[in-house]
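As structure tokens, the structure follows; a few thoughts come after it.
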Number of protein chains: 2
Amino acid sequence: MSEEFDPVMPMSKPRANPLFLRDEDLRQAMELLFFAYRDFTDEPDSILAQYGFGRAHHRVIYFVGANPGMSVSDLLGILRITKQSLSRVLSQLLKEEFIEQLTDEADRRRRLLYLTQRGQDLENLLTERQSKLIARAYREAGADAVAGFCTVLRGIINDTDRRRFTIDE
Amino acid sequence: MSEEFDPVMPMSKPRANPLFLRDEDLRQAMELLFFAYRDFTDEPDSILAQYGFGRAHHRVIYFVGANPGMSVSDLLGILRITKQSLSRVLSQLLKEEFIEQLTDEADRRRRLLYLTQRGQDLENLLTERQSKLIARAYREAGADAVAGFCTVLRGIINDTDRRRFTIDE
DNA sequence: TAAAATACGTCAGCTATGTTGACATATTTT
DNA sequence: AAAATATGTCAACATAGCTGACGTATTTTA
């Protein structure tokens with residue numbers, strides 16, 4: 001039953017050309033994603049904890065910061081969680097004045113979301129930390145690697161959300 | 001999207017380094033990671049749900065599958081959760097015979113973890129799905145992009161765990 | 001214009017997965 | 001013999017998902 005694989009899994013670079021994909025290469029990708037995502041969220045998580053917030057609050061703050069005036073249903077579509085789940089964190093953020101919502105006068109059913117100054121400050125703090133991590137990795141890797149990084153990640157994302165990311169720029 | 005503020009331009013070296021990192025590029029990276037990780041875990045999550053398992057079970061099954069004979073503390077070190085958290089999922093997996101543990105005869109305090117046939121079957125199913133997603137993205141992106149993808153992700157991972165991924169050319 | 005659909009919110013309860021802290025047991029190291 | 005290590009367990013708690021039911025305001029549609 002035990003396959004006698006290497007316990008520490010030394011992995012090698014995918015070799016060139018006709019892109020022959022070994023199981024090992026694919027496993028490496030999965031582990032890279034696991035470790036990178038774990039470390040990517042680590043520092044924000046500890047900052048948020050000081051505010052009594054969690055990663056769910058971060059997501060809301062991040063996306064509202066990136067898309068000021070987005071509606072609640074826009075946000076639900078991005079996060080892919082239920083409105084009941086969102087409600088819990090959003091209510092907190094509204095109550096503690098990190099986010100404010102204004103009725104859309106063009107469709108008064110809709111509530112448009114904005115960061116308050118407080119929310120903006122927290123967003124800046126969180127994004128700054130993550131930016132530094134990414135920026136360092138980007139600089140060390142170089143422009144070509146960055147392009148490849150983006151290309152592969154886009155390929156992992158479903159067709160619909162992939163359209164959020166244009167290739168040019 | 002608002003570009004009225006510019007919280008984090010990496011202050012370091014406006015070098016001959018050709019990599020101009022704009023706030024927008026860094027935000028794109030964060031969003032790519034968010035969406036990719038969300039979609040990467042989506043299909044396994046629904047398979048696991050049919051077994052009454054969650055993502056935590058997947059991690060245990062995955063890493064034990066990749067490192068047969070690893071100890072409980074090895075696993076704790078990778079997952080970075082408390083032993084109490086691990087205990088809950090590990091106990092379930094032992095009880096339902098997806099994992100078995102054998103006492104290490106060289107150090108009888110240690111319990112070495114292995115997948116049972118059942119565990120192996122589930123691991124195969126889950127890994128197969130994720131492999132297909134990654135393989136498609138890899139093939140569409142090409143070998144150079146794949147290399148860049150790995151390089152950047154390695155750069156995001158902390159120094160210690162980064163050593164798991166050696167580029168032995 | 002009445003009915004249906006949409007956008008949003010809320011109450012209640014459940015599950016999964018993380019946390020601390022305390023304590024126990026077996027085994028190995030000092 | 002004492003200390004450190006590896007593992008396990010009990011209890012209590014928090015975060016963040018989920019389903020289902022229901023309510024209200026507003027817009028769209030038949």
Side-chain angles (χ1 to χ4, degrees), chain A residues 34 37-38 41-42 44-64 69-96 99-114, chain B residues 34 37-38 41-42 44-64 69-96 99-114:
Chain A
F34 168 75
Y37 200 78
R38 189 198 60 180
T41 52
D42 188 61
D45 282 354
S46 39
I47 294 172
L48 289 155
Q50 296 165 10
Y51 288 75
F53 294 151
R55 199 176 297 177
H57 301 83
H58 188 185
R59 287 170 180 157
V60 171
I61 286 175
Y62 176 85
F63 283 108
V64 172
M70 76 190 307
S71 71
V72 173
S73 59
D74 289 341
L75 190 51
L76 286 173
I78 285 178
L79 300 177
R80 294 243 197 102
I81 58 176
T82 60
K83 63 178 176 176
Q84 295 93 327
S85 289
L86 176 58
S87 169
R88 190 163 29 206
V89 296
L90 187 53
S91 301
Q92 262 183 284
L93 291 168
L94 290 166
K95 189 176 180 184
E96 301 185 29
I99 284 186
E100 61 182 348
Q101 55 182 194
L102 306 178
T103 297
D104 180 359
E105 291 304 328
D107 180 345
R108 297 181 46 79
R109 292 170 304 182
R110 294 161 60 87
R111 301 295 132 80
L112 307 185
L113 304 172
Y114 298 91
Chain B
F34 168 74
Y37 200 78
R38 188 197 62 181
T41 52
D42 188 60
D45 283 353
S46 39
I47 295 171
L48 288 155
Q50 295 165 12
Y51 289 75
F53 294 151
R55 200 175 297 176
H57 300 83
H58 187 185
R59 289 172 181 155
V60 171
I61 286 175
Y62 176 84
F63 282 108
V64 172
M70 76 190 307
S71 70
V72 172
S73 59
D74 290 341
L75 191 50
L76 286 173
I78 285 177
L79 299 178
R80 294 245 196 104
I81 58 176
T82 59
K83 64 177 176 177
Q84 295 92 328
S85 286
L86 176 59
S87 170
R88 191 162 30 207
V89 296
L90 187 53
S91 301
Q92 264 182 281
L93 291 168
L94 290 167
K95 189 175 180 184
E96 302 185 29
I99 283 185
E100 62 182 347
Q101 53 182 196
L102 306 179
T103 298
D104 180 0
E105 290 304 328
D107 179 346
R108 296 180 47 78
R109 292 171 302 181
R110 292 160 60 88
R111 301 294 131 79
L112 307 185
L113 303 172
Y114 299 91

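Atoms considered below: every heavy atom in the structure, side chains included; atoms not considered: hydrogens, waters and symmetry mates. Sequence lines set the chain letters: A, B, ... in the order given, protein chains first and strands last, and positions in each chain run from 1.
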Rounded to the nearest Å, what distance is computed from the CG atom of residue B/L48 to the P atom of nucleotide D/dG17? 18 Å
So how far is it from A/H57 NE2 to A/I99 CD1, rounded to the nearest 0.5 Å? 9.5 Å
Does OP1 or OP2 of C/dT17 have a side-chain N or O of B/S85 closer than 4.0 Å? no
Between atom CG in A/D42 and atom P in C/dT19, what is the gap in whole Å? 11 Å
Can you tell me the distance, in whole Å, between the CD1 atom of B/I81 and the P atom of D/dA16? 17 Å
Can you measure from CD (B/Q101) to CZ (B/R110) and round to the nearest 0.5 angstrom? 12.5 Å
Readout for nucleotides 2-14 of chain C: B = base within 4.0 Å of protein heavy atom, S = sugar-phosphate only, - = neither; 5' to 3' it is ----BSBBBB---
N/O (side chain, A/T82) to phosphate O (OP1/OP2, D/dC18) under 4.0 Å: yes
Any idea which heavy atoms bring B/A56 and B/V89 closest together, and the distance? CB-CG1, 3.8 Å
Under 3.5 Å, side chain of A/S91 to main-chain N/O of A/S87, donor-acceptor pair present? yes
Separation between CZ (B/R111) and OG (B/S73), nearest 0.5 Å, reads 11.5 Å
Separation of atom CG in B/L93 from atom P in C/dA16, rounded to whole Å: 13 Å
Distance, rounded to the nearest Å, where B/L75 contributes CG and D/dG8 contributes P: 11 Å
Interface with DNA chain C, restricted to residues 53-60 of chain B and to heavy atoms under 4.0 Å: B/G54, B/R55, B/A56, B/H57, B/R59
Under 3.5 Å, is there a donor on one side chain and an acceptor on the other for A/T41 and A/R55? yes
Is there a donor-acceptor pair under 3.5 Å between the side chain of A/R38 and the backbone N or O of B/I78? yes
Gap between atoms CG and P, on B/D104 and D/dT7 respectively (whole Å): 9 Å
Can you tell me how far C1' of D/dT5 sits from CZ of B/R108, to the nearest Å? 16 Å
Quick one: B/D45 CG to C/dT15 C1', roughly how many Å, whole number? 14 Å
How far apart are the closest heavy atoms of A/L86 and A/V60, and which atoms are they? CD1-CG2, 3.6 Å
Is there a ring pair (Phe, Tyr, Trp, His ring centres under 6.0 Å) between A/F34 and B/F63? Walk through the geometry before answering. CA-CA 11 Å; A/F34 168 75; B/F63 282 108; 5.3 Å; yes
